[in-house]
There are 2 protein chains.
Amino acid sequence: MRTVYTSGPLKRERVLETALAVAEREGFEQLSMRLLARELGVSTMAVYRHVTNKDDLLDGLVERLLGELEIPEQSLPWEQRLRWLAREVRALAHRRPEVFGLLLRRRAVGEDATRARQAALRALRDAGLESKAAERMERLLSTVVMGFALSEATGRFEGIDVEDEFERALELLTRLVATQ
Amino acid sequence: MRTVYTSGPLKRERVLETALAVAEREGFEQLSMRLLARELGVSTMAVYRHVTNKDDLLDGLVERLLGELEIPEQSLPWEQRLRWLAREVRALAHRRPEVFGLLLRRRAVGEDATRARQAALRALRDAGLESKAAERMERLLSTVVMGFALSEATGRFEGIDVEDEFERALELLTRLVATQ
DNA sequence: ACCTGAACACCGTTCAAGT
DNA sequence: ACCTGAACACCGTTCAAGT
């Protein structure tokens, strides 16, 4: 009834990948340990060998999503790096509308979580902000970017050209950074 | 084992109120139709007379939460009205940390949903923004305000003085509105 | 008209048992 | 070492039955 991924032994990597696929295909609420196991062609409890419980599975998904963000080259001007990051997040929300919300519900702790944040902080420092101000601005920017992306993914801004809206918001905020 | 609310007949109002209390006390994930019924001192299916299903229950909670927002007097200067609204949202997130996230996950459709939005739009028009610009700014502001409030409720900004941070962000954005 | 209990098709997770 | 099936304590919801 379902596609069963049969490539090699069961690994955490494949568990997460399949969980992501199931969530996007069936809807996030439908993702269960049992359905995931069925999809992997394995007993429910076999999944627990690669994931300590469902919470750990969700943490793994968050980490995987963050790992999909491409970090801009340091050589680019700071404005372009900020825009790059913002668009990466927006693209992620587009690609994974069902699971994107996880990023705003769960605290990201792993290494991938900080990569994007560090890149944003570097860009803001390069824009001339001192350390504390850069951190504050990063929190403001990430809130806006994540919030917009989520709003689009959940349909809160239906009927609105979010592409355009998002670019304008970025424009405004970048100007705000420049005048800090 | 649990407090049973015994005041009068079962009404939608009391169902929602109790659901809110249960969610905040036991955690949002623990809120179930069965536990809610137990709490109301009634059979599970009796709850279904006041709520068509769990989805409808959650929609009801969203509506109730939005109804808790106090709208500022029109006589206040526009900056103060915006600040008022922002603080109301932040206070709501503080009061209902467990259920606040619902507001960002579900589309609000009822009347209470638009009250706050209309008040913000009026303030922005009074600030001199033309109609389209006011709508765009309202979306930006609401995203920031809701995003910050959620981040605080979920602990994303742990160790940070969100009170201070929030005021600074508002300050920045208000200046942005003034210079539009 | 309003409430009930049993039943159905699901969950996450523990644990003893199999290879 | 790795996987399994049965079991436990839960879900949301349908439906026939009670008052």
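Worth saying up front: this structure is predicted, and the values here are computed from it rather than measured. Each chain gets a letter, A, B and so on, in the order the sequences are listed, and its residues count up from 1.
The CG-P distance, from B:L36 to D:dT13, rounds to 12 Å in whole Å. What separates CZ of A:R38 from P of C:dA9 is a distance of 13 Å, to the nearest Å. Per the geometry, CD belonging to B:E29 stands 14 Å off C1' belonging to D:dC10, to the nearest Å. In this structure, B:D56 places its CG atom 14 Å from P of D:dG12, rounding to the nearest Å. Atom CG in A:L35 sits about 17 Å away from atom P in C:dA9, given to the nearest Å. When rounded to the nearest whole Å, the span between CG of B:N53 and P of D:dT14 equals 8 Å. The interatomic distance linking B:M33 (CE) with D:dC10 (P) rounds to 18 Å, in whole Å. Atom-to-atom, OH of A:Y48 to P of C:dC11 comes out at 11 Å; the value is rounded to the nearest Å.
For the pair B:R90 and B:F166, the distance from NZ or CZ to the six-membered ring centre is under 6.0 Å and the angle to the ring normal is within 45 degrees.
With DNA chain C read from its 5' end, the first of the two nearest nucleotides for B:S43 and B:R34 is the one closest to B:S43.
Applying salt bridge (charged side-chain N to carboxylate O under 4.0 Å, His left out) to A:D56 and the options A:R106, A:R49, A:R12 leaves one that passes, A:R12.
As the counterpart of D:dA9, no nucleotide is assigned, since no Watson-Crick or G-U wobble pattern has both distances under 3.5 Å. Taking a pair to require two hydrogen-bonding distances under 3.5 Å in either a Watson-Crick or a G-U wobble arrangement, C:dA1 pairs with D:dT19.
Closest to the side chain of B:R49, out of C:dC11, D:dG12, C:dC2, is C:dC2. Side-chain atoms of B:K54 lie closest to D:dG12 of the nucleotides D:dC2, D:dG12, C:dC11.
In this structure, the separation between CD on B:E68 and CD on B:E63 is 12.0 Å, given to the nearest 0.5 Å.
For B:R81 and B:S75, the side-chain atoms include no donor-acceptor pair closer than 3.5 Å. For B:S131 and B:R136, the side-chain atoms include no donor-acceptor pair closer than 3.5 Å.
Side-chain N/O atoms of B:S32 include one lying less than 4.0 angstrom from OP1 or OP2 on D:dC11.
Within the nucleic acid shown, A:M45 comes within 4.0 Å of at least one base atom, counting heavy atoms only.
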